[in-house]
Structure formats: C-alpha cells, structure tokens
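What follows is a single structure, written as structure tokens, with notes after it.
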Amino acid sequence: MQQQQVFWLTNVRLEQGYIHEGAEVTGTQTGLAHLRIENGVIAAIVDAKAQLTEELPRVDGKGLLLLPSFEEAHIHLDKTYYDGPWKAVRRSSSIFDRIEEEKVLLPKLLPDAKRQAESILALIQGYGSTHVRAHCNIEPVSGLKRLEATKQALESYTGKISSEIVAFPQHGLLRSSSVELMGQAMTEGATHVGGLDPYTVDENIEKSLHTMVELAVKHQAGIDMHLHDGGEAGKQTLLELLRLTEEAGLQGHVTVSHAFWFAGAEKQEAEEMASRMASLGMSVASTVPIGRTMMPLPMLQRVGVNVKLATDSLTDHWSPFGSGDMLEKAGRFAELYGYSDELSLSQSIATITGGVTSLNAAGESVWPKAGDVASFVLVQASCAAEAVARRSGRLAVWYQGHLVSGSLA
C-alpha cells in the first residue's frame with residue numbers, strides 16, 4: 001500500500017555522530033527524528049521532541065534505524081531457478097561447457113522468465129534494494145526474448161524500483177555473432193553494453209573491446225563487462241579497456257564486473273592498474289568471492305575505484321548460492337576483510353548504497369538531508385555498524401516516498 005504524497009514519518013532513528021575513546025571510534029550516537037515526506041522527497045527533518053502542528057497523515061517509525069536504501073549492482077533476472085523447483089548446478093569443466101548447457105536450457109526457462117524475474121524483484125526489494133542493474137542474455141538462442149521478459153518484469157515494478165539493463169552477450173559477442181542483436185537490444189531499451197572475456201571467449205581482445213565501445217558510443221550508453229580472465233590475458237584486456245575508455249570519452253561510464261585479474265595480480269601492478277581505473281571513474285562490481293578468487297577490494301577502494309557489491313546469480317545453472325540480500329553481502333565484505341571495528345563496519349554500508357552513508361568517515365552527518373530523495377529502509381538495529389555485522393532485519397522499504405515493501409503495522 002502506497003502512503004499519501006505528503007506525510008510525516010515519525011520516530012525514526014538517525015545516526016548523529018561517532019563516539020570516541022581517545023582516537024578510537026567506539027560507538028555511534030543516534031537520536032529520534034520526524035521526517036516530512038513530500039512528493040517523493042524528504043522535505044524537512046525535525047527532532048522527535050518537536051510538536052508537530054501540521055494536520056498531515058503520520059506513520060510511526062517505532063524507533064527503527066533509517067538507512068539509505070540499497071543498490072543491486074549486478075544480477076541476472078532473466079535466467080533463474082528461483083521460485084521454481086530446486087536444482088543444483090551440474091558439473092562443468094569450462095565456461096564453454098556451461099554455454100552449451102545454456103543453449104539447451106534457455107528455451108525451457110523462457111516461459112517462466114517474466115514471473116521468476118518479478119519474484120526476484122520482490123525478494124531483493126524486501127531486503128532493502130530500490131535500484132537494480134540487470135544483466136540480460138542477448139545471443140542467437142534467445143534473440144531479444146529475454147530482454148522483453150526482463151523489461152516486462154521491470155515495468156511491473158514501475159514506481160517501486162529504478163533499474164538499468166545490461167545487454168549481455170553470454171555466448172560471446174564475436175563468438176556467437178551477436179553484434180547485430182546487441183545493437184537491436186540497445187535500441188529496444190538496454191542501457192549498457194555488456195561483454196564477456198574478450199580473450200578466452202571472443203579470442204580477440206582488441207576487436208571485442210572495440211566493438212563494445214563502438215556500440216556504447218553509438219547508443220550513448222555505458223559499458224559493463226564480465227571479466228573472469230586472469231594473468232596476461234586479463235591484464236591486456238584491462239589495459240586496452242583503459243585506453244579505449246579514455247579515447248572514447250567514456251569516463252565514469254564503465255564497469256568491470258568480477259575483474260578477477262586482480263585476485264592473482266602482483267601487489268604493485270594491481271595498485272597501478274587500479275589507480276588508472278580510478279582516474280577514469282571506472283567501477284568494479286563484485287560478489288565478494290572467497291578462495292582463490294578473493295579480490296583486493298579494500299585496495300581498490302583506497303585508490304579510488306568505485307566498488308559495488310552484487311548478487312550475480314541468485315540460483316541458476318551457474319551458481320546456487322546467491323541470496324539477493326545486499327546487507328548480507330556487506331556483512332560478508334566486512335567479515336572477509338577484517339572490518340570488525342565500529343568505524344569500518346559503519347562505512348562498509350557504502351558498498352551497497354551507491355556510496356551514501358549516514359555519517360562520513362569524520363563522523364559528520366551527511367544523510368539524510370532536506371531535499372534528498374525519500375528512498376530508505378527501516379532496520380532493526382541501533383546503528384549501521386550493527387546492521388552490517390548482524391545482517392539486521394528490515395521491516396519496511398520506501399522508494400521515492402512510497403512504501404514498497406514490508407509494514408509498520
């Protein structure tokens with residue numbers, strides 16, 4: 001049920017600053033406040049002790065913590081087992097085996113694609129996400145059918161979630177002769193040009209990347225490329241992508257998803273590559289992998305790369321492990337890299353909110369402010385640090401001033 005266009009959200013808990021013992025941050029100070037929501041925007045914020053005189057509808061926030069709503073930076077909505085019978089992943093020796101499996105499987109999944117995509121959107125929104133970047137298969141087996149199903153699912157969430165669609169040539173941009181299809185996908189509503197391992201899959205780093213960039217420039221779109229290749233192949237792919245990004249003027253519009261080259265790269269070389277990426281405003285979308293593909297995400301952040309956390313596969317023929325819960329992902333990030341103190345836990349929330357935090361690293365209140373979009377989540381936690389560490393429950397989610405998931409009844 002959507003709320004009135006103008007109303008008070010009362011008694012919500014806001015972070016006000018950090019508590020220090022000497023130089024160390026040992027806690028987070030909070031206080032209760034009332035928020036006046038008007039036409040999708042936070043119009044005013046007043047202390048909860050203030051007497052409200054306006055005769056407007058009121059929604060009681062019950063002392064719950066207000067956090068910025070979350071972003072799902074990379075998920076495949078169009079091919080999933082979610083909201084269907086359980087099925088584990090079949091063994092596969094290579095990405096090419098998995099692609100061959102897809103060619104048989106995708107037509108079987110298509111009839112349920114829209115419904116299952118909508119089920120995933122309901123799931124991730126319940127966890128607090130109000131923005132999603134969906135990677136959608138574009139290849140000869142599917143044509144534009146999966147794009148259409150994805151668009152229909154997202155359209156059913158109009159007014160509830162914002163979205164981007166990456167046209168993703170899962171079977172290889174060049175390898176599956178999908179360039180023309182990709183161009184059609186861009187004219188039919190995709191917002192980003194995707195790609196997949198220009199060396200291993202397309203077997204031509206320069207031509208593959210040039211084609212992606214040409215499509216992006218022609219359609220005034222961004223780029224979001226899957227890169228699993230490590231070693232020299234991964235390095236040369238990143239170097240060429242850097243060169244083309246600068247040459248084409250795509251600064252701030254290029255994302256490398258996974259970017260596993262960094263997992264095995266030598267420290268100094270990795271830092272140099274990351275610094276060059278940061279200088280061009282490039283982003284890395286990561287699932288926070290463990291094991292041999294563990295990424296140096298703190299280093300990427302430190303040098304200025306925009307690191308965004310993501311689900312990738314919720315449950316499908318590639319992986320059965322995704323949960324769709326971005327707060328769980330932020331908790332995994334903090335746990336994996338040893339961010340167990342109050343300050344680092346608190347600031348970790350930025351990895352799932354598009355960089356928005358209630359407090360900056362100096363402890364100054366920077367969100368929410370009057371004029372900010374009223375997209376937020378109410379959480380059963382005393383502060384952001386606890387929410388990240390404990391994966392605290394989310395009771396209600398707002399998008400542009402409307403309650404889109406949960407309840408405060």
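All figures in this text were calculated on a predicted structure; none of them were measured in a lab. For the numbers below, each heavy atom of this structure counts, side chains included, while hydrogens, waters and symmetry mates do not.
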Looking at every non-hydrogen atom in both residues, tell me the closest pair between Val6 and Pro57 and how far apart they are.
O-CD, 3.5 Å
Taking everything shown except Glu247 itself, do over 12 heavy atoms lie less than 6.0 Å from its CD?
yes
Could you grab the distance from atom CD1 of Ile99 to atom OG of Ser92, nearest 0.5 Å is fine?
9.5 Å
Determine the minimum heavy-atom distance between Thr150 and Cys136, stating which atoms define it.
OG1-SG, 3.5 Å
Could you tell me whether the side chain of Pro298 reaches within less than 4.5 Å of the side chain of Tyr339, counting heavy atoms only?
yes
Would you mind reporting whether Arg133 and Val166 have side-chain heavy atoms less than 4.5 Å apart?
yes
Does a side-chain heavy-atom distance below 4.5 Å link Lys308 with Ser286?
no
Kindly indicate whether the side chain of Leu327, heavy atoms from C-beta on, has any atom under 4.5 Å from the side chain of Phe70.
yes
Polar side-chain atom of Ser129 near backbone of His131 as donor-acceptor pair, under 3.5 Å
no
Between Thr311 and Glu72: side-chain donor-acceptor atoms closer than 3.5 Å:
yes
Take atom CD in Glu386; do more than 12 heavy atoms of anything else shown fall under 6.0 Å from it?
yes
Under the salt bridge (Lys or Arg N to Asp or Glu O under 4.0 Å) criterion, do Arg146 and Glu139 qualify, and how do the steps go?
CA-CA 10 Å; Arg146 312 197 83 77; Glu139 23 69 20; 5.4 Å; no
For the residue pair Gln5 and His402, confirm or rule out a side-chain donor-acceptor distance under 3.5 Å.
yes
Count the heavy atoms belonging to other residues, nucleotides or ligands that lie under 6.0 Å from CZ of Phe321, then report whether that count exceeds 12.
no
Test log, rule side chain to side chain contact (heavy atoms under 4.5 Å, CB included), inputs Gln29 and Tyr18
CA-CA 6 Å; Gln29 182 178 345; Tyr18 290 131; over 6 Å; no
Do other residues, nucleotides or ligands put more than 12 heavy atoms under 6.0 Å from the CD atom of Gln220?
no
Qualifying residue for salt bridge (Lys or Arg N to Asp or Glu O under 4.0 Å) with Glu102, from Arg90, Lys79, Lys108
Lys79
List the steps, then state whether side chain to side chain contact (heavy atoms under 4.5 Å, CB included) holds for Val12 with Leu378.
CA-CA 8 Å; Val12 293; Leu378 288 178; 3.9 Å; yes
Relative to each other, are the rings of Trp8 and His34 parallel, tilted or perpendicular (30° and 60° limits)?
perpendicular
With no hydrogens and no angle check, just 3.5 Å: does a side-chain donor-acceptor pair link Gln116 and Asp112?
no
May I ask you to check whether His76 and His226 place their ring centers less than 6.0 Å from one another?
yes
Between Met299 and Lys267, is any pair of side-chain heavy atoms under 4.5 Å apart?
no
Walk me through it: do Ile165 and Leu147 pass the test side chain to side chain contact (heavy atoms under 4.5 Å, CB included)?
CA-CA 8 Å; Ile165 300 176; Leu147 175 62; 3.8 Å; yes
Is there a side-chain contact between Val193 and Met186 (heavy atoms, below 4.5 Å)?
yes
Is it the case that the side chains of Glu342 and Thr28 hold a donor-acceptor pair, with the cut-off being a distance below 3.5 Å and no angle test?
yes
Side chains of Tyr399 and Ser405: donor-acceptor distance under 3.5 Å anywhere?
no
Electrostatic pair Glu148-Lys145, nearest N-O below 4.0 angstrom:
no
Could you tell me whether the side chain of His210 reaches within less than 4.5 Å of the side chain of Leu244, counting heavy atoms only?
yes
If we only count heavy atoms from C-beta on, is the Trp86 to Pro320 side-chain gap below 4.5 Å?
yes
Are more than 12 heavy atoms, taken from residues, nucleotides or ligands other than Glu180, located less than 6.0 Å from that residue's CD atom?
no
Which value, rounded to the nearest 0.5 Å, describes the distance between Asp316 atom CG and Thr80 atom OG1?
6.0 Å
Flag if over 12 foreign heavy atoms under 6.0 Å of CD, Glu246
no
Does this structure show an ion pair linking Arg391 with Glu335, if we count only N-O contacts that are shorter than 4.0 Å?
yes
Within 6.0 angstrom of Tyr199 OH, more than 12 heavy atoms from elsewhere
no
CD1 of Ile352 to CD of Glu71: how many Å apart, nearest 0.5 Å?
10.0 Å
For the pair Val25 and Ile19, evaluate side chain to side chain contact (heavy atoms under 4.5 Å, CB included) and give the outcome as yes or no after the intermediate values.
CA-CA 6 Å; Val25 173; Ile19 299 167; over 6 Å; no
Has Arg390 got more than 12 heavy atoms of other residues, nucleotides or ligands less than 6.0 Å from its CZ?
no
The test is ring pair (Phe, Tyr, Trp, His ring centres under 6.0 Å); show your working for His192 and His74 and say whether it passes.
CA-CA 12 Å; His192 289 70; His74 180 137; over 10 Å; no
